[in-house]
*Asks:* 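Got a structure for you, written out below as structure tokens; questions coming shortly.
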Amino acid sequence: MTSTAPETQRGQDAGDPLGEQPTSWQRRLRRFGHVPRPETSLRDRLDPPWTRPGRQVWSVLAIPPHVADRLVRWSGWGGPLLVTLVAGLLRFWRLDQPNAVIFDETYYAKDAWALVNQGYEGSWPKDVDKLILKDPSSVPIPTDPGYVVHPPVGKWIIGFGEQLFGFTPFGWRFMVAVLGTISVLLLCRIGRRLFRSTFLGCLAGLLLAVDGLHFVMSRTALLDLIVMFFVLAAFGCLVVDRDRSRRRLADALPVDEEGVLRPDARVAETLRLGWRPWRLAAGVMLGLAFATKWNGLYVLAAFGLMTVLWDVGARRTAGAARPYMAVLRRDLTPAFLSTVPVAIVTYIVSWTGWIVTDKGYYRNWAATEGKGSSWSWLPDWLRSLWHYENQVYDFHVGLTSGHTYESNPWSWLVLGRPVSYFYEEQAGCKESSTGKCAAEVLAIGTPLLWWLACFALAYVVWRWLFRRDWRAGAIACGVAAGWVPWFFYQERTIFLFYAVVFVPFLCLAVTMLLGAIVGPAAGTGARADLGLTSKDPTGERRRTLGAIAAGVLVLLIIWNFIYFWPLYTGTSIPEDLWRDRMWLDTWV
């Protein structure tokens with residue numbers, strides 16, 4: 001096991017925009033837990049090393065050193081792939097059940113089928129779902145355009161699964177399950193790079209694999225899981241870009257006669273970091289998120305600011321006297337061009353099916369109602385698309401009609417009001433005292449994981465503010481980007497399952513907390529962060545107790561996921577057992 005930081009990294013700035021040296025206010029904040037940054041080399045601050053498992057683990061398992069070294073090399077991919085395999089088996093098990101059109105699948109499954117077959121969404125007749133389930137080949141695709149209020153990328157992805165496996169529940173859920181599974185792999189690798197620890201990376205992925213909300217959304221043809229996938233992929237791209245740009249900066253700094261890397265103001269302020277393909281890839285991913293649902297636009301803004309502040313911290317660490325000015329001159333324009341215009345172009349390209357046809361909803365608006373506009377010099381398709389987007393925006397901000405399962409974002413973290421996607425009551429159940437059985441698909445996170453995440457977020461914010469830990473700031477940014485925007489639309493009809501966008505960051509927060517509970521390895525420079533020294537005889541005892549406590553918490557979360565398994569999969573259980581799982585009155 002390993003702590004949340006490698007031996008040279010705990011408490012480092014690594015992107016801290018508030019200064020490389022402790023300031024007077026930082027010294028005053030020591031009463032709240034702020035500690036001075038430990039003495040580490042400049043190269044380690046710019047390009048932190050990776051942690052390695054201690055020899056004690058291998059000696060206990062009686063594994064020879066040469067075999068242990070090989071396992072460590074393989075574990076960087078082997079561990080994440082193993083966790084992903086488990087997640088995939090869970091998500092694809094009986095994916096076609098329940099054999100029904102559940103919740104908003106009634107919109108996206110049909111829109112996706114029309115989109116991949118004719119390039120635009122059709123206007124489906126009411127009560128067609130039963131016919132589709134009975135014999136999809138007998139249901140014609142409507143040629144009349146349908147008014148839809150979300151961009152097309154998510155529906156293209158759902159439609160790809162339908163093209164592979166047919167217009168069936170398995171077909172329209174297949175690609176969402178694929179992305180849900182791959183997102184576990186992404187989080188394992190992102191967590192590994194973030195914490196410089198394969199163990200903690202795999203732990204973050206495992207927590208995501210057993211989160212109920214992520215699990216249910218991975219098995220349902222809705223758009224929010226797809227948004228989550230692209231947001232997580234963009235975050236991963238930016239983390240890789242951060243590592244590579246800081247390594248490039250370190251390689252450009254001078255080395256003294258003793259071979260020690262030294263800060264240099266001229267290099268730090270004038271060096272151009274060159275081609276940054278990972279930041280460009282992040283722009284594409286954020287564009288795809290935005291082109292699935294509009295809330296991806298808020299993530300684009302938050303991540304754009306985050307990556308610029310990372311550049312500020314890197315240049316300050318390298319010795320820049322005016323890091324903000326250096327970033328303004330050297331990095332701001334490339335950062336903007338790599339994200340915002342790329343995301344916008346990606347968004348427009350996603351509408352290609354609508355653009356090349358003349359039958360899409362509002363497709364001919366510019367040539368009819370919009371004719372004679374002062375913007376008529378623009379292409380008709382562009383003006384028609386702009387009008388369509390205006391109408392969609394008015395719809396979203398004006399959506400205030402009540403819904404049984406709507407919830408306020410204040411209640412999301414404590415799972416105040418989950419969403420029932422499917423419920424079926426069965427009579428003649430002998431195992432139940434009421435004579436009834438119930439089958440339900442409930443979109444709710446694993447309760448113990450989410451309730452622990454409330455404390456983990458408090459720890460992350462504390463660590464960011466008082467320890468200046470860039471990883472805590474990045475995790476907080478991911479949560480805020482997916483959660484905070486909904487507070488501006490509290491009058492709108494919104495649901496708990498929108499929170500799936502920031503579930504991976506909740507898992508990273510819990511992982512960081514668990515790593516802190518375990519504590520640093522004996523003999524590492526990180527021990528000062530906990531007030532321990534390498535000669536402290538209580539260090540190993542404290543680490544052992546921390547590992548036991550963290551292990552118990554993880555096992556409880558896994559047990560909690562198993563306990564709620566029937567509510568995640570629509571498995572029929574006696575009504576008594578179903579009621580036992582309704583821990584809060586608002587869950588019914």
*Asks:* Indicate yes or no for a side-chain donor-acceptor contact from Ser407 to the backbone of Leu496 under 3.5 Å, with no hydrogens or angles considered.
*Replies:*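 A pair under 3.5 Å: yes.
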*Asks:* Give a yes or no answer on whether the side chain of Arg196 reaches the backbone of Pro48 with a donor-acceptor pair at less than 3.5 Å.
*Replies:*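 Pair found, side chain donor or acceptor close to backbone of Pro48.
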*Asks:* Roughly how far apart are Thr446 OG1 and Ile562 CD1, rounded to 0.5 Å?
*Replies:*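 Interatomic distance, Thr446 OG1 to Ile562 CD1, rounded to 0.5 Å: 10.5 Å.
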*Asks:* A cation-pi test, strictly: NZ or CZ of Arg189 under 6.0 Å from the centre of the six-membered ring of Trp77 and no more than 45 degrees from its axis. Yes or no?
*Replies:*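 Ring-cation test returns yes.
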*Asks:* Out of Glu575, Glu431, Glu425, which one pairs with Lys436 under the salt bridge (Lys or Arg N to Asp or Glu O under 4.0 Å) rule?
*Replies:*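 One option only clears the test, and that one is Glu425.
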*Asks:* Both conditions, 6.0 Å and 45 degrees, for the charged tip of Arg242 above the ring of Trp278: are they met here?
*Replies:*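 No, Arg242 does not sit over the ring of Trp278.
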*Asks:* Write down the atom of Ile132, the atom of Trp172, and the distance for their closest heavy-atom approach.
*Replies:*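 For Ile132 versus Trp172, the nearest heavy atoms are CG2-CZ3, 4.1 Å.
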*Asks:* So, for His214 and Val500, which heavy atoms are closest and what is the spacing to 0.1 Å?
*Replies:*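 Reported closest heavy-atom pair: CA-CG2, 4.1 Å.
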*Asks:* Is there a donor-acceptor contact under 3.5 Å from the side chain of Arg91 to the main chain of Val176?
*Replies:*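 A pair under 3.5 Å: no.
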*Asks:* Is the ring centre of Trp578 less than 6.0 Å from the ring centre of Tyr423?
*Replies:*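 Judged by ring-centre distance (under 6.0 Å), Trp578 and Tyr423 do meet the cut-off.
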*Asks:* How about Cys188 and Cys202: are their SG atoms under 2.5 Å apart?
*Replies:*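 Their SG atoms do not fall under 2.5 Å; no disulfide, then.
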*Asks:* To the closest 0.5 Å, what do you measure between CG (Leu203) and CZ (Phe199)?
*Replies:*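 Reported value, rounded in 0.5 Å steps: 5.5 Å.
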*Asks:* Can you check whether Lys293 reaches His150 side chain to side chain, under 4.5 Å on heavy atoms?
*Replies:*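 Sidechains of His150 and Lys293: in contact.
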*Asks:* Kindly say whether Leu577 contributes a backbone atom to a donor-acceptor pair with the side chain of Arg581 at under 3.5 angstrom?
*Replies:*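 Flag set: sc Arg581 to bb Leu577 pair under 3.5 Å.
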*Asks:* Under a 3.5 Å distance rule, please check whether Asp576 uses its side chain to pair with a backbone N or O of Ser433 as donor and acceptor.
*Replies:*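 Looks like yes, one N/O pair under 3.5 Å.
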*Asks:* Please verify the inter-ring angle class for Tyr298 with Tyr489; under 30° counts as parallel, over 60° as perpendicular, anything in between as tilted.
*Replies:*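 Aromatic pair Tyr298/Tyr489 classed perpendicular.
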*Asks:* Considering only heavy atoms from C-beta outward, does the side chain of Thr569 approach that of Arg94 to under 4.5 Å?
*Replies:*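 SC-SC contact between Thr569 and Arg94 ruled out.
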*Asks:* Between Arg417 and Trp587, which heavy-atom pair has the shortest distance, and what is it?
*Replies:*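 Where Arg417 meets Trp587 most closely, the heavy atoms are NH1-C, 4.1 Å.
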*Asks:* Between Trp583 and Pro447, what is the shortest heavy-atom contact and its length?
*Replies:*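 Nearest pair, atom of Trp583 first, then Pro447: CZ3-CB, 4.0 Å.
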*Asks:* From Phe165 CZ over to Phe160 CZ, what is the distance, rounded to the nearest 0.5 angstrom?
*Replies:*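 Output value for this atom pair is 9.0 Å.
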*Asks:* Whether the side chain of Ser197 engages the backbone of Leu200 through a donor-acceptor N/O pair (distance < 3.5 Å, no angle test) should be reported.
*Replies:*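 The answer is yes, because a donor-acceptor pair under 3.5 Å joins these two groups.
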*Asks:* Mark yes or no for whether Ser572, through its side chain, and Ala439, through its backbone, hold a donor-acceptor pair below 3.5 Å.
*Replies:*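 No, the answer is negative, given that no donor and acceptor are paired below the 3.5 Å cut-off.
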*Asks:* Would a 4.5 Å heavy-atom cut-off, applied to side chains only, mark Trp559 and Leu448 as touching?
*Replies:*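 Result yes, sub-4.5 Å side-chain heavy-atom pair found.
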*Asks:* Could you tell me if the side chain of Leu222 sits less than 4.5 Å from the side chain of Glu105, heavy atoms only?
*Replies:*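 Sidechains of Leu222 and Glu105: in contact.
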*Asks:* Please report the shortest heavy-atom distance between Thr493 and Gly402, naming the atom on each side.
*Replies:*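 Minimum heavy-atom separation between Thr493 and Gly402: OG1-N, 4.5 Å.
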*Asks:* Ignoring hydrogens, what is the shortest heavy-atom contact between Tyr568 and Leu442? Give both atom names and the distance.
*Replies:*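 Result for this residue pair: CD2-O, 3.9 Å.
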*Asks:* Between Arg492 and Trp486 (side chain of the first, backbone of the second, donor and acceptor by atom type, cut-off under 3.5 Å), is there such a pair?
*Replies:*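 The answer is no, because no donor-acceptor pair under 3.5 Å joins these two groups.
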*Asks:* Is there a donor in the side chain of Asp129 and an acceptor in the side chain of Thr106, or the other way round, less than 3.5 Å apart?
*Replies:*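 Short answer, yes.
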*Asks:* Hey, does Asn560 have a side-chain heavy atom less than 4.5 Å from the side chain of Leu449?
*Replies:*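 No, too far: nothing below the 4.5 Å cut-off.
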*Asks:* Quick one, Val503 and Cys507 - any side-chain contact, counting heavy atoms below 4.5 Å?
*Replies:*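 Side-chain contact under 4.5 Å: yes.
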*Asks:* May I ask you to test the Leu452-Leu556 pair for a side-chain heavy-atom distance under 4.5 Å?
*Replies:*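 No, every pair of side-chain atoms sits at 4.5 Å or beyond.
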*Asks:* Over 60° means perpendicular and under 30° means parallel, so classify the ring planes of Phe497 and Phe103, tilted if in between.
*Replies:*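 Taking Phe497 first and then Phe103, their aromatic rings stand perpendicular (interplane angle over 60°).
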*Asks:* Counting distance only, does the side-chain N/O of Ser75 pair as donor-acceptor with the main-chain N or O of Gly79 below 3.5 Å?
*Replies:*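 Answer holds: no.
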*Asks:* Checking the side chain of Arg543 only, and the main-chain atoms of Gly519 only, is there a donor and an acceptor separated by less than 3.5 Å?
*Replies:*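 Side chain of Arg543 to backbone of Gly519: a pair is present.
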*Asks:* Should Tyr498 and Trp483 count as side-chain neighbours, where that means a heavy-atom distance under 4.5 Å?
*Replies:*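 SC-SC contact between Tyr498 and Trp483 ruled out.
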